[in-house]
J.: 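Input: one structure, supplied below.
Lettering follows sequence order; numbering is per chain, from 1. What you see is a predicted model; the values in this text were computed from it and never measured.
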There are 2 protein chains.
Amino acid sequence: MKYEAVTIKDIAKALGLSTSTVSRALRDSYEISPETKKIVIEYAQQINYRPNPIALSLKEKRSRSIGIIVCEIANSFFSQAINGIESIAYDKGYNVIIAQSHESYEREILNLQYLASRSIDGLLISVSSETENLDHLINLHKRGFPIVFFDRVVENLDTHKVGVDNYKGAYDATSELIKNGHQNIAMLAGSEFLSITKERVAGYHQALTDHKIAFDASQIEYCLHGGMNYQEVENALGSLLANNNKPSAVIASADKLTTNCLRYFKSKDLEVPNDIAMIGFSNLDLTDLLSPSLSVIRQPAYEIGQVAIELLIKQIENKRPTTEFEKIILPPQMIIRESSGAKKAR
Amino acid sequence: MKYEAVTIKDIAKALGLSTSTVSRALRDSYEISPETKKIVIEYAQQINYRPNPIALSLKEKRSRSIGIIVCEIANSFFSQAINGIESIAYDKGYNVIIAQSHESYEREILNLQYLASRSIDGLLISVSSETENLDHLINLHKRGFPIVFFDRVVENLDTHKVGVDNYKGAYDATSELIKNGHQNIAMLAGSEFLSITKERVAGYHQALTDHKIAFDASQIEYCLHGGMNYQEVENALGSLLANNNKPSAVIASADKLTTNCLRYFKSKDLEVPNDIAMIGFSNLDLTDLLSPSLSVIRQPAYEIGQVAIELLIKQIENKRPTTEFEKIILPPQMIIRESSGAKKAR
DNA sequence: CTAAAAACCGGGAACGATTGCATAAATAAA
DNA sequence: TTTATTTATGCAATCGTTCCCGGTTTTTAG
């Protein structure tokens, strides 16, 4: 331990100056003569002086660190989004503290308290799938604390929001399956609390309607934990396949849902896409290597992260409180591979 | 912004006490009368007082945050390890700051400077595959700064180290392929700088020797960036397959290497395991869904993270400088699936 | 040659919390 | 009653940095 860093005082003492002069010299103040500046800066460099960020935080009442809350970092979408966030944050001198909710409302609140106590300057959050009550976020927001939602945005809170066009993603996916001859298309949806789920369901619904296919509510199964545990997906698919109106294709509306759906079909020896076709939202970068290769709706995760952090930093560094909030919607990308293949005659 | 937190001063003023009394009352000092304590504690609770961690850090010269440097968080092994790290760290009141080297030596140094400037109390690092020179770490270590290496440990530095038995993992994998009738087994290895690569190569070598198969150095190709870019893997496999002594099986010694190897075989229309068999180190949890399903050597990533952070915190909280360092080796797990299947007559 | 204006630098308070020391009052012992 | 001891509280320094407020030169203007 005992990792004694060199301070501005050490420099002052060594050079026979006052701390204020040293401080000003290092910050290139006009009040300091060029010669003094030169001496101070050179000496500081020589002994490898680094300003203490903690002392600065205390003085400036900001920590230059921002909090991120996601459900899981071991999820392609989020790890990509975090990469996007970091790429900008580090450039602007912010560091990020990452917390995981593991899709639990309770842990989300705990995380938030924790981050708040670490005095972060702002928050980037994609709410847990259990999150229905928003009081914990509303409280902070009311006190002017900067919050930006990404991906899983919420409705009743006026802040910056960044996500994809979920409606379009689901609409396109559904249309693709219909184009391939499927009439009975089920939806394996995420948590009903999430607006992204609602939007995806709406896109699915509309595509059916536009193609003159009757909408059947029993063709939708919601997974509260977004497919985090396999059991949940197993139950959902079990009841979808037991439907009178047995589906010939499935849309999975989240990363984990997609892979667990495929896993389920494998375990039941259902051949994709012949026995049942599928297409899913996923940001995995090896969906091309799966068996069969997966048709997916991919979200621009990296860009979402970048846009979100930019909005957040802009809000943090704003002198006046922000009143105009932006909602930015990026387009999803559909990649067609084998799993959504045309339904063959049997 | 103006997110004004309540301080100990506010309490003191409101209650007509001094800040020292309030501080002591909140820390339950014996010097404060029970009545005063009660008043202070109740009022603090009422106005939701939280001690300012930054002020504390400044005073106590510790930030209660630890740094993690890994190559990529979007890598199953590392995201699982980070989960393990967090599970312990948060319990003990530490937060973690994650930085990614993206397998670049240069960025690793930048990250280290950054983390040091954020005055972390300790460091958990899995070095980049480019890292050969260790001066940046040696400097810190000499000054008594707590560092724990995990997974990619280095040799010439006396610190705590946590990893898996790479030798055994590679030995078992090689033996499995030999058992399945393969005599020409190539190795797609990671960076030559990394000790884990050396250990894996050694395990592979020994297994060949033990089975009376001649070792051929041209059957090994090293990938400096550990498979981060596909190009690298493409070149390596290209030259392995162009060998006179053409391999009938390949061992991939890292996560990205494994998946990119499979991707290469697909692109060349090589059927696995009939045209060429493979087994790889991987912590992906959908290797069972790949086509073919992959035989893998899996590392206990979560546990590695947990053990590493425990050692680090122990060292941080030690009064006296640590002199005895531990090296903990956990066992890998071999999961046999289709890709390593017996070689069929053609 | 004097007065005003730059130019340059130091003292010390402040940020929020802890803590050794001093001090006051209250109680106990002599 | 006087002295010693305990009890309860306050003062002030400290951590590293910035910045307001002065102060002392030196330069410039009249």
J.: Expressed as a whole number of angstroms, how long is the span from B:Asp10:CG to C:dC15:P?
T.: 10 Å
J.: Quick one: do B:Thr36 and B:Thr21 satisfy side chain to side chain contact (heavy atoms under 4.5 Å, CB included)? Show the steps, please.
T.: CA-CA 9 Å; B:Thr36 312; B:Thr21 306; 4.1 Å; yes
J.: Check the distance between C:dG16's P and B:Leu56's CG and give it to me in whole angstrom.
T.: 12 Å
J.: Can you measure B:Lys13 atom NZ to C:dA17 atom P for me and round it to whole angstrom units?
T.: 13 Å
J.: Here's a test of your reading of the structure: between A:Thr21 and B:Asn52, which maps to the more 5' nucleotide of DNA chain C?
T.: A:Thr21
J.: Take atom CD in A:Glu317; do more than 12 heavy atoms of anything else shown fall under 6.0 Å from it?
T.: yes
J.: Given that A:Lys9 and A:Arg24 both sit by DNA chain D, which one's nearest nucleotide is further toward the 5' end?
T.: A:Lys9
J.: If you check every side-chain atom of A:Glu31, which of D:dT9, C:dC9, C:dA17 has the closest atom?
T.: C:dC9
J.: With a 4.0 Å cut-off on N to O distance, would you call B:Glu103 and B:Arg152 a salt bridge?
T.: yes
J.: Has B:Asn83 got a side-chain atom pairing as donor or acceptor with B:Tyr302's backbone, closer than 3.5 angstrom?
T.: no
J.: Using whole Å, report how far CZ of B:Arg64 lies from P of C:dT18.
T.: 13 Å
J.: When you measure from the side chain of A:Ser20, which nucleotide among D:dC19, C:dG16, D:dT17 comes out closest?
T.: D:dC19
J.: Figure out the CG/P separation between A:Leu26 and D:dC19, and round it to whole Å.
T.: 13 Å
J.: State whether A:Lys37 places a side-chain N or O below 4.0 Å from either non-bridging phosphate oxygen (OP1 or OP2) of C:dC8.
T.: no
J.: Heavy-atom nearest nucleotide on DNA chain D for B:Ala55 versus A:Ser23: which residue maps closer to 5'?
T.: B:Ala55
J.: Using a 4.0 Å heavy-atom cut-off across all strands, classify A:Arg50 as base, sugar-phosphate, or nothing.
T.: sugar-phosphate
J.: Among C:dG16, D:dA8, D:dT17, find the nucleotide with the atom closest to the side chain of A:Lys59.
T.: D:dT17
J.: At 4.0 Å (heavy atoms only), tell me whether B:Ile8 reaches a base, stays on the sugar-phosphate, or touches nothing.
T.: sugar-phosphate
J.: Of all the nucleotides listed (D:dG10, D:dA8, C:dA17), which has the minimum atom distance to the side chain of B:Leu17?
T.: D:dG10
J.: For the helix from C:dC1-D:dG30 to C:dA30-D:dT1, measure the angle between the helix axis at one end and the axis at the other, each built from five pairs, rounding to 10°.
T.: 60°
J.: Using a 4.0 Å heavy-atom cut-off across all strands, classify B:Thr36 as base, sugar-phosphate, or nothing.
T.: sugar-phosphate
J.: Check whether the side chain of A:Ser33 and the base of C:dC8 form a donor-acceptor pair under 3.5 Å.
T.: no
J.: Rounded to whole angstroms, how far apart are CG on B:Asp28 and C1' on C:dT18?
T.: 16 Å
J.: Has the side chain of B:Asn139 got a donor or acceptor atom that lies under 3.5 Å from a matching backbone atom of B:His136?
T.: no
J.: Which nucleotide wins on minimum distance to the side chain of A:Pro51, given the candidates D:dA12, D:dT17, D:dT9?
T.: D:dT17
J.: Just by modelled atom types, is the B:Ala99 backbone N or O under 3.5 Å from a matching donor or acceptor in the B:Arg107 side chain?
T.: no
J.: Check the phosphate of D:dT17 against A:Tyr49, side-chain N and O only, distance under 4.0 Å to OP1 or OP2. Yes or no?
T.: yes
J.: Please check if the side chain of A:Ser63 supplies one atom and the backbone of A:Ser119 the other of a donor-acceptor pair under 3.5 Å.
T.: yes
J.: Would you find more than 12 non-hydrogen atoms of other residues, nucleotides or ligands less than 6.0 Å from A:Glu106 atom CD?
T.: no
J.: What is the distance, rounded to the nearest whole Å, between atom CD1 of B:Ile54 and atom P of D:dT17?
T.: 15 Å
J.: For the side chain of A:Ser18 and the base of C:dG11, is some donor closer than 3.5 Å to an acceptor across the two?
T.: no
J.: Just how far, in rounded Å, is P of C:dT18 from NZ of B:Lys61?
T.: 17 Å
